[in-house]
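Comments concern the structure below.
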Amino acid sequence: MGKNTSQFVCQNCGAKYSKWAGHCNNCDAWNSIIEDLVVSEASGKNAISQAKTSGQILKFTKINEITVTSDKERLKTEFPGLNEVLGGGILRGSVTLLAGQPGIGKSTILMQICAEVAKKHQVLYVSGEESASQVKMRAARLGADSDKLVFVSSTSGNDIAKTIREGDFDLVIVDSIQTLAINEISSAPGTVSQITNAGNLIIQAAKSTDTAVIIVGHVTKEGTLAGPKVLEHLVDVVVNFEGDRYGGFKTIRAVKNRFGPTSEAAIFEMNEKGLSEVQNPSAALLAERQNTDGSIILATLEGTRPLLVEIQALCTTTNFGYPKRAASGFDLNRLNLLIAVIEQRTKLNLSDKDIFLNVVGGIKIKDSAADLAVCLAIASAAAGRKLSEEYVVFGEVGLGGEIRSAFRPDQRINEAKKLGFKHAIAPATIRDPFVIPVKDLRSTLIQYVNE
Ligand code: TYD
Ligand code: MG
């Protein structure tokens, strides 16, 4: 005991093993387990008996005497939507994890945030990925030009934490956590132990100096790769940057926020001047619409903001083997479930059809009220009949084929009205003259998309 030993850690979920294995039993990931060195510990008994006498009495404060940092002190970004996602701006002393696929635009949006915040406050941008001149090129392109914005290239967690502790910054960007290492641990940057320990060091430095820190974490398309998952527990705010890397809309949404709501989302578009917030996403998404069979307009919510998105389905005859089902922007399991409901509850035969589903504009739908639109799109494609252009659709579909209520129906309806739609095919629980109430899938399909 007492010497450095190694352990094997799943880089996806952080589960520990005593020997290497190709498959993680905890999270089912393959080839995610790698060797990690454990820092030596004093032998068990000794450590426990020491711990009994060590420690200090904590200084507590009456809850009504604790002073709160006012919301006014939040650092504002130039994007109102993003400020909302963050609960009103970046809170001092908070640590935010910005997670997203490589190339989605994390460094870009952070430089834009820096440019705005540095107009009034002291900002440090630390990059472990890019050199000063590379970052300068991006900064120049994005118009970041302030004496208060300083840059350093470093991959040392120790140095960055010390710089935060000793410096007087309002905001520090660390791009990215996967490149950092601390001296005390010998494993490579990007391993779970490096990410957790470097993350912890930086978080402590941020808390002790009331500095706001944003840490970048890369995730792969499947959401795998160590870091971010482990870090999620340590930081105050986790925002996910999602969407298509090449064109289309990108959304930033909070999945965890200790100081604000997690229901907001901001929608962005990348152009030559960096990212810009999309003012009227519904109109932009519907601009290129062709009303064909299989195309349905869904009134959904992106956070609390209503959004009209086109759902497209394509049905073709299966040539051999099992029918193929594919979805882009929609959960494949949910699609399979809905297909089963359609087959069972409406007797529409889809067993010899390949079904492809697409959500237009790179949007990823997580709203359960998308079910009815998906079912109608499939039925419309299978029957070769289109739905009237005047309708939007929303509602959840249960396993019995019943149509269930959706939350915030008023916002969905208002958005549809704003964009000139005449009616919404929606759950019967909603009392509104705009709504054509529907109760079950079978009668809805017969009425609206029957041959
Ligand atoms: P980047 O922010 O570097 O992605 P990440 O840090 O998430 O890995 O940039 C993503 C892409 O954006 C990159 O391929 C180039 C493109 N881009 C623009 O289209 N316009 C711009 O103004 C900038 C700075 C980048
Ligand atoms: Mg980057």
Side-chain angles (χ1 to χ4, degrees), residues 77-79 81-82 85-86 90 96-118 123-146 149-157 160 171-181 189-190 194-195 198-199 202 213-229 231-232 235 237-255 265-278 284 361-362 364:
T77 73
E78 67 180 289
F79 309 108
L82 181 60
V85 170
L86 295 167
I90 308 163
T96 305
L97 174 69
L98 175 65
Q101 291 177 52
I104 187 100
K106 298 182 294 298
S107 305
T108 307
I109 195 148
L110 287 175
M111 185 51 79
Q112 288 176 276
I113 292 174
C114 285
E116 178 68 23
V117 174
V123 181
L124 168 67
Y125 192 111
V126 186
S127 178
E129 297 185 346
E130 291 157 309
S131 69
S133 65
Q134 284 171 317
V135 172
K136 169 69 199 179
M137 267 157 43
R138 179 183 296 121
R141 169 126 79 124
L142 300 173
D145 172 30
S146 161
L149 174 57
V150 293
F151 171 81
V152 65
S153 179
S154 167
T155 55
S156 159
I160 296 171
L171 174 66
V172 176
I173 309 289
V174 180
D175 187 4
S176 67
I177 189 74
Q178 270 97 352
T179 58
L180 301 193
Q194 286 290 13
I195 288 176
I202 291 171
V213 174
I214 303 180
I215 300 175
V216 172
H218 296 293
V219 288
T220 61
K221 205 161 189 165
E222 296 76 38
T224 52
L225 205 83
K229 281 274 168 265
L231 263 187
E232 277 183 7
V235 299
V237 183
V238 180
V239 281
N240 278 353
F241 204 158
E242 299 167 349
D244 203 350
R245 236 192 290 183
Y246 315 100
F249 287 168
K250 302 166 206 295
T251 49
I252 296 189
R253 115 186 45 233
V255 289
I267 299 175
F268 289 90
E269 206 173 18
M270 179 75 89
N271 46 42
E272 61 289 344
K273 281 256 184 305
L275 288 149
S276 55
E277 232 177 297
V278 184
K364 305 226 172 344

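The residues of the chain are indexed from 1 along the displayed sequence. In each ligand, atom 1 is the first atom listed, and ligand 1 is the first ligand listed.
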Separation between CG of Leu98 and CD1 of Ile109, rounded to the nearest 0.5 Å
7.5 Å
Would a search of protein heavy atoms around atom 15 (C) of ligand 1 find one under 4.0 Å away?
no
If we ignore hydrogens and angles and just use 3.5 Å, is the side chain of Glu277 paired with the main-chain N or O of Gly81 as donor and acceptor?
yes
Does Thr108 reach ligand 1 with a nitrogen or oxygen that is under 3.5 Å from one of the ligand's nitrogen or oxygen atoms?
yes
Can you list the ligand 1 atoms lying under 4.0 Å from a non-hydrogen atom of Gly274?
21 (C), 22 (O)
Which of the numbered atoms in ligand 1 are below 4.0 angstrom from a heavy atom of Asn271?
18 (C), 19 (O), 20 (N), 21 (C), 22 (O)
dist Ile113:CD1 -> Leu171:CG (nearest 0.5 Å) comes out at 8.0 Å
Determine the minimum heavy-atom distance between Gly128 and Thr179, stating which atoms define it.
CA-OG1, 3.6 Å
Tell me the protein heavy atom at minimum distance from atom 13 (C) of ligand 1, and give that distance in Å.
Gly103 O, 4.7 Å
Element-labelled atoms of ligand 1 that are located less than 4.0 Å from some non-hydrogen atom of Lys273
22 (O)
Hey, does Leu142 come in under 3.5 Å of ligand 1, counting only N/O atoms on both sides?
no
Any donor-acceptor pair under 3.5 Å from Ser146 side chain to Ala118 backbone:
yes
Between the main-chain N or O of Lys364 and the side-chain N or O of Glu242, is there a donor-acceptor pair closer than 3.5 Å?
no
Going by the order shown, which atoms of ligand 1 are within less than 4.0 Å of some heavy atom of Arg138?
3 (O), 24 (C)
Starting from atom 21 (C) of ligand 1, find the nearest protein heavy-atom neighbour and note its residue, name and distance.
Arg141 NH1, 3.5 Å
Which atoms from ligand 1 have a heavy atom of Ser107 less than 4.0 Å away?
2 (O), 3 (O), 5 (P), 6 (O)
Checking a contact table here: which protein heavy atom is nearest atom 7 (O) of ligand 1, and how many Å away?
Lys106 N, 2.7 Å
Starting from atom 4 (O) of ligand 1, locate the nearest protein heavy atom and write down its residue, its atom name and how far away it is, to 0.1 Å.
Gly105 N, 3.2 Å
How many angstroms lie between CD in Glu269 and NZ in Lys250, if you round to the nearest 0.5 Å?
9.0 Å
of all protein heavy atoms, closest to atom 17 (N) of ligand 1 is Met270 SD, 3.8 Å
Test your reading of the structure: does Glu130 have an N or O sitting under 3.5 Å from an N or O of ligand 1?
no
Counting both backbone and side chain atoms, is some N or O of Pro102 under 3.5 Å from an N or O of ligand 1?
no
Please state whether the separation between the Mg ion (ligand 2) and some N/O/S atom of Ser176 is under 2.8 Å?
no
Calculate, to the nearest 0.5 Å, the distance between atoms CD1 and CD1 belonging to Ile173 and Ile214 respectively.
4.0 Å
Given the protein's heavy atoms, is any one of them under 4.0 Å from atom 9 (O) of ligand 1?
yes
Please lay out, stage by stage, how Leu180 and Gln194 fare under the test side-chain contact (heavy atoms from CB on, under 4.5 Å).
CA-CA 7 Å; Leu180 301 193; Gln194 286 290 13; over 6 Å; no
Rounded to the nearest 0.5 Å, what separates atom CG in Leu142 from atom CD in Gln112?
5.0 Å
Heavy-atom distances under 4.0 Å are what count here, so tell me which part of Glu272 touches ligand 1: side chain, backbone, both or neither.
backbone
Interatomic distance, OG1@Thr108 vs CZ@Phe268, rounded to 0.5 Å, equals 11.5 Å
